[in-house]
Trainee: 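My structure is below; once you've seen it, I'll send some questions.
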Amino acid sequence: MAHDLPKAYEPGAIETRWAEYWIKEKLFSVPTPPPGETRPVFTLLLPPPNVTGRLHMGHMLNHTQMDIMVRWHRMRGFLTLWLPGTDHAGIATQMMVERQLASEGKKRRDMGREAFVERVWEWKRHYGGAILDQMKRLGDSVDWDREYFTMDENLSRAVREVFVRLYEEGLIYRGKYIVNWCPRCGTAISDLEVKHEEIAGKLYEIRYPVIGSDEFITVATTRPETMLGDTAVAVNAGDERYKRLHGKKVLLPLMNREIPIITDDLAQPEFGTGAVKVTPAHDPNDFEAGLRHNLPQIEVIDEQGRMNENAGPYAGLDRYEARKRVLEDLRQQGFLVGEKDYTISIGKCDRCGTVVEPRLSTQWFIKIAPLAQPAIEAVERGEITIVPENYKQIYLNWMHNIYDWCISRQLWWGHRIPAWHCSCGEIIVAREAPASCSKCRGAKLTQDTDVLDTWFSSGLLPFTTLGWPEKTRDLEVFYPTTLLITAYEILFFWVARMIMFGCHFMAGHQQDPKVKQASSWGDKKDDSVPFRQVYIHALVRDAERQKMSKTKGNVVDPLDVIERFGTDATRFTLAAMAAPGTDIAFSEGRTEGYRNFANKIWNAARFMFMNIDRVAPGLRPGTGSENRSHTGVDGFEARTLEDRWILSRFNRVTKNVNEALETYRFHEAANQIYDFFWGEFCDWYIELIKPRLLDGGDESARIACKNLLGIFEAALRLLHPVMPFITEEIWHAIYDGKPTLRSIALAPYPQADEKQLDLAAETEMAILQDLIVSVRNLRAELKVDQKQRVPIQVFVSEPEIHKLIEQNRGSVERLANVEKIEFVANSLAKLSGARHTARFDVHVIYERKIDVAAERERLKKELEQIEKEFANGQRQLGNEQFLAKAPTKVVDGIRRRAQELEILREKVKSKLDELG
RNA sequence: GGGCGGUUAGCUCAGCUGGUUAGAGCGCCUGCCUUACAAGCAGGAGGUCGCAGGUUCGAGUCCUGCACUGCCCACCA
């Protein structure tokens, strides 16, 4: 790269080129390390996107944060593994392919299972994993050689192994229970996959005639159509109103079936009429009550949400149509006695939005309590920490109230349950298809047609991707993984399951102490956990803080944003806005600002190269371009105040950035670098060294170049995890395309050197900046022509400050466009149009007079503020409690400030007097 | 029905364990094509930190209540 390159940074081609280079060079591939490896390990498992997935802003935030952490650790010398892969996503993918088939006029059931599954694989090979290509565009530094798919043969084998083991341990059982059933998807779904919604509905009161009397008993229901399957009416045993009806029967209207009146706590006297219809086959509570009272379970709704043959005249009707008809008939026959507005909660299928039907069916379940206990303890003991911390309590609450998990799905795409049914009724659960029935020796075995919940297999990934059930070297080194960064949405779906499975199946596992001890997690004892730390990232919303959703049409496509502003700028935006615990309202304005930042860096680089090529071409790639092997600033020779200052600032910022990343304060890390690079390095340092570069003599220019290069190169490394592309581009240019290392990503991350912190330099620099800004301010107020240089007068009382300004006279004159500095012996405070701080007075000599009225206003306002602050300080200093209790640092600070304020007050007052 | 978060400049947001003068970007106003950058430079205006109490020497920061707002969890007909 040379200085004749475009003035404006064009990220497109550059980013694509480096993304390809990183993959081609296999820079982030981590072969299994041999025994004896002593580097601390950092492992991160990518939350596998669905094969059907496309990148959205939430992913982009997640990936940005992961990549920052990964690159940061890698540069700090950790043996860093980031494992990518995709999830087969049972329902989602099956739906996708079904839709595709529908457009061809085909149906899944007509094709048959085998052909359909083959079709899904075909789809997967064609369209699946688009998101992986998008990840490449983001610059994700994952190990592509280890990419997995949840239905890979080795992972599938591990899934069967887990299933069989859990079954053998009695933790998996099969049974007929009420489950959430999606009539559209035709499968059971877990509690988590049901989204509840409040809608306006009705509460109907229906009276059932009591047999052997002319009485009625009135029940309340929101779902009248289920009455067709009623097998009892329940009242509370203690409810006086119904005591006389205990043991009697009622005649179920429309169906004319006799059903008993039972007493059960299901019925609560306060609610409705105090009597409740019981439909064991279509309501979870009624199901339980049915078991308690041995009631028949009459199913009236089929798996497609239609009334079945048990529904008499309503058979064949859709459930909602049936509701209408049932109500009509009840009304006509005088059984419907009440109808009032009522807010009801309905469950909808997470995938397709269809209203879920509680339905009786035979499913496979995991007994959750024995698995939950260790998973709760691991978090309570701090073996796993969750950040932000409030999610820990949410996790624990959920885990304490968890129900058994329905793991079977009536789908075709997924891991088929490793159970075989024999015609004799025996069920054989086995790792591979058995040849014959273990009970009757028969060979007519058919495999269970159900597949497993997608989350069953993804819950195993932390160990199955590393070779489990084999005792592999990978497991020994990389398990437990170090960090998991994920969205709150899947805390229960995925994170909780991984913890349960990890603690269960990896119990007793020991990580290689050589790679563990050196890491920051070395003090943890329990290596069964799947990860050491979980960071829950924020939700990305649109600029109006609305949740992005396709139906609202407010989805911001990250690739569009990338197209317009570049990946680096987009990444920087997300990093800079990602304060832990708060959602992000994505704004393109910010991204544009960070695109400008990239441009600023680019132009600073152009400036640097222009000067190096002109005065010290030897600096690149020869001198100073030796392998950057340490964590500081290379080849820096502090000769001047600005040199000492920028070196100190760099180290302070480096310290802050590392500390911020340590605690996931991405926004702080990003802002620190931004402010340093733009506000200090470009605005001040580069401006200050220009004279040395231009006409300071060869030696002086060479050192200035070297220092410029040193800071710039180190700053690139500091920024690299956030903006990997532009930093890689410029870094390579520094070495003229011939760096010793193949990538800045492999160079050491800057670490602060306490010895290079220089408080004196920072203080002195602040005074000079203050003086320069004061003069610029005065010039603006006097409307001095920008190009005109004007003389100034300066008064200082302290000799050191006089010396400081004297020594940096040239800088002040240049940056404030001053013709000549004249030091005067007396305070300029009274002089109208002069500026003052506690340390100096300054006056611009110019024929134009300032606007006296405006000046008076300004001074009045200033005085007011000074008085206010001064009074405030005095009050505190006069308070014994304050003096006794406040830290000396604070007290001293206020004392010092009070002195300054007194000086300032006098200056402002005398000037106001002068103005009259 | 429970639980969690948010409310700071016109807009979008920082402000970590309470401590001197509450910050940034965008937008706005003024002046500059100053030989890295107009995607830039210099200067400026703009805030009773949602409301009401409380704790404290000291509160944007901690506590209580309220208001508005968002999210999650929940098998009450």
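Just so we're on the same page: letters track the sequence lines, and every chain starts at 1.
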Trainee: From C-beta outward on A:K787, which listed nucleotide comes closest to its side chain: B:U20, B:A39, B:C33?
Mentor: B:C33
Trainee: Looking at B:C57, does its base get a donor-acceptor pair with the side chain of A:N879 below 3.5 Å?
Mentor: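 Such a pair does not exist between side chain and base.
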Trainee: From B:C75, B:A38, B:G5, pick the nucleotide closest to the side chain of A:K7?
Mentor: B:A38
Trainee: Considering all heavy atoms of both residues, which atom of A:R590 and which atom of A:A576 are nearest to each other, and what is their separation?
Mentor: NH2-O, 3.8 Å
Trainee: Of all the nucleotides listed (B:C72, B:A36, B:C57), which has the minimum atom distance to the side chain of A:K885?
Mentor: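 Closest nucleotide to the A:K885 side chain: B:C57.
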Trainee: Between B:A36, B:C75, B:G40, which one does the side chain of A:N285 approach most closely?
Mentor: B:C75
Trainee: Counting only side-chain nitrogens and oxygens, does A:W678 get under 4.0 Å of the OP1 or OP2 atom of B:C41?
Mentor: yes
Trainee: The test is salt bridge (Lys or Arg N to Asp or Glu O under 4.0 Å); show your working for A:E592 and A:R595 and say whether it passes.
Mentor: CA-CA 5 Å; A:E592 191 180 348; A:R595 187 271 316 261; 3.7 Å; yes
Trainee: Per the atom types in the model, does the base of B:A42 pair as donor or acceptor with the side chain of A:E687 at under 3.5 Å?
Mentor: no
Trainee: Return the 5'-most residue of the pair A:N872, A:L883 with respect to RNA chain B, ranking by each residue's nearest nucleotide.
Mentor: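 Taking each residue's closest nucleotide, the earlier one in sequence belongs to A:N872.
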Trainee: Pick the C1' atom in B:G2 and in B:C62, then give their distance to the nearest Å.
Mentor: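 Taking atom C1' in both B:G2 and B:C62, they lie 25 Å apart.
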Trainee: Please classify the nucleic acid contact of A:K889 as base, sugar-phosphate, or nothing, using heavy-atom distances under 4.0 Å.
Mentor: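 No contact.
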Trainee: Please list all pairs passing the salt bridge (charged side-chain N to carboxylate O under 4.0 Å, His left out) test where one or both residues lie in residues 223-232 of chain A, with sequence neighbours left out.
Mentor: A:R223-A:E225, A:R223-A:E357, A:E225-A:R323, A:D230-A:K277
Trainee: Using the P atom as the reference point in each nucleotide, state the distance between B:A38 and B:G19 in Å, no decimals.
Mentor: 42 Å
Trainee: Specify the residue among A:L192 and A:A576 whose closest nucleotide of RNA chain B lies further upstream toward the 5′ end.
Mentor: A:A576
Trainee: Of the nucleotides B:A39, B:A36, B:G43, which has the atom closest to the A:N599 side chain?
Mentor: B:A39
Trainee: As a test of reading the structure: which of B:C32, B:C37, B:A14 is closest to the side chain of A:H667, going by heavy atoms?
Mentor: B:A14
Trainee: Considering only heavy atoms and no angle criterion, is a donor-acceptor pair shorter than 3.5 Å present between the side chain of A:Y403 and the base of B:C75?
Mentor: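 Yes, a donor-acceptor pair under 3.5 Å.
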Trainee: Which nucleotide, in any strand shown, forms a Watson-Crick or G-U wobble pair with B:G58, with both distances under 3.5 Å?
Mentor: none
Trainee: When rounded to the nearest Å, what value does the distance between P atoms of B:G47 and B:C4 take?
Mentor: 36 Å
Trainee: Taking only the side-chain heavy atoms of A:R590 (C-beta and beyond), determine which of B:G40, B:A36, B:G25 contains the nearest atom.
Mentor: B:G25
Trainee: To the side chain of A:N390, which of B:C32, B:G5, B:C57 is closest?
Mentor: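 The nucleotide sitting nearest to the side chain is B:G5.
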Trainee: Roughly how far apart, to the nearest Å, are B:G18 and B:G60 at atom C1'?
Mentor: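 Taking atom C1' in both B:G18 and B:G60, they lie 10 Å apart.
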Trainee: Any salt bridge between A:R905 and A:E869, counting N to O under 4.0 Å?
Mentor: no
Trainee: Does the side chain of A:K690 get closer than 4.0 angstrom to OP1 or OP2 of B:A36 through an N or O atom?
Mentor: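 So the side-chain polar atoms of A:K690 do come within 4.0 Å of the phosphate oxygens OP1 or OP2 of B:A36, strictly under.
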Trainee: For B:G5 versus B:C75, give the span between their C1' atoms, rounded off to a whole number of Å.
Mentor: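 About 27 Å, rounded to a whole number of Å.
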Trainee: Any strand is fair game: report the nucleotide pairing with B:A67 by Watson-Crick or G-U wobble, both distances under 3.5 Å, or none.
Mentor: B:U7
Trainee: Check the pair A:T591, A:E588 against side chain to side chain donor-acceptor pair (under 3.5 Å), reporting the backbone distance first and the verdict last.
Mentor: CA-CA 5 Å; A:T591 313; A:E588 284 189 2; over 6 Å; no
Trainee: Do you know which two heavy atoms are closest between A:T486 and A:V495, and how far apart they sit?
Mentor: CG2-CG2, 3.7 Å
Trainee: Please determine if a side-chain N or O atom of A:K392 lies less than 4.0 Å away from the OP1 or OP2 oxygen of B:G3.
Mentor: no
Trainee: Applying a 4.0 Å non-hydrogen cut-off, can you work out what A:V278 is touching in the nucleic acid: base, sugar-phosphate, or nothing?
Mentor: nothing
Trainee: In whole Å, what is the span from the CG atom of A:D286 to the C1' atom of B:A77?
Mentor: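 Computing the A:D286:CG to B:A77:C1' distance gives 7 Å.
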Trainee: With sugar-phosphate meaning primed atoms plus P, OP1 and OP2, does A:A884 contact a base, only sugar-phosphate, or nothing at under 4.0 Å between heavy atoms?
Mentor: nothing
Trainee: Contact class for A:R595 (heavy atom, under 4.0 Å): base, sugar-phosphate, or nothing?
Mentor: base
Trainee: I'd like to know if A:R241 pairs up with A:D239 as an ion pair, taking the criterion as any Lys NZ or Arg NE/NH1/NH2 lying under 4.0 Å from an Asp or Glu carboxylate oxygen.
Mentor: yes
Trainee: For a quick check of understanding: with a heavy-atom distance under 4.0 Å over all strands, which category does A:G201 fall into, base, sugar-phosphate or nothing?
Mentor: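 It contacts nothing in the nucleic acid.
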Trainee: Has the side chain of A:R897 got a donor or acceptor that lies under 3.5 Å from a partner of the other kind on the base of B:U21?
Mentor: yes
Trainee: What nucleic acid atoms does A:L266 come within less than 4.0 Å of, heavy atoms only: base, sugar-phosphate, or nothing?
Mentor: base
Trainee: Only pairs with both distances under 3.5 Å count, Watson-Crick or wobble alike; so what is the partner of B:A74 in this structure?
Mentor: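 Per the H-bond distance test, none.
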Trainee: Sticking with atom C1', work out how far B:C16 lies from B:G70, rounded to a whole angstrom.
Mentor: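 The answer is 24 Å between these two C1' atoms.
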Trainee: Which nucleotide wins on minimum distance to the side chain of A:N596, given the candidates B:A36, B:A42, B:A39?
Mentor: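 Nearest to the side chain of A:N596 among the choices is B:A39.
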Trainee: With respect to the phosphate group of B:A77, does any side-chain polar atom (N or O) of A:Y342 fall under 4.0 Å of OP1 or OP2?
Mentor: yes
Trainee: Describe the nucleic acid contact of A:D683 in one word from base, sugar-phosphate, nothing, applying a heavy-atom distance below 4.0 Å.
Mentor: sugar-phosphate
Trainee: Report the nucleotide, chosen from B:G25, B:C41, B:A74, that has the shortest atom-to-atom distance to any side-chain atom of A:Y674.
Mentor: B:G25
Trainee: Just checking A:P887: base, sugar-phosphate only, or nothing, at a heavy-atom cut-off of under 4.0 Å?
Mentor: base
Trainee: Within the structure shown, what part of the strands sits under 4.0 Å from A:F287 by heavy-atom distance: base, sugar-phosphate, or nothing?
Mentor: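 No contact.
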Trainee: For A:K600 and B:C41, is the shortest distance between a side-chain N/O and OP1 or OP2 below 4.0 Å?
Mentor: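 The answer is yes; a side-chain N or O of A:K600 sits under 4.0 Å from OP1 or OP2.
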Trainee: Rounding to a whole Å, what distance do you find between A:F681:CZ and B:A36:P?
Mentor: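 Rounded to the whole Å, the gap is 14 Å.
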Trainee: Both conditions, 6.0 Å and 45 degrees, for the charged tip of A:K690 above the ring of A:F607: are they met here?
Mentor: yes
Trainee: Mind checking if A:E288 touches a base, just sugar-phosphate, or nothing, with heavy atoms under 4.0 Å?
Mentor: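 No contact.
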Trainee: Can you label the angle between the A:F681 ring and the A:F676 ring as parallel, tilted or perpendicular, going by 30° and 60°?
Mentor: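 Parallel, since the angle between the ring planes stays under 30°.
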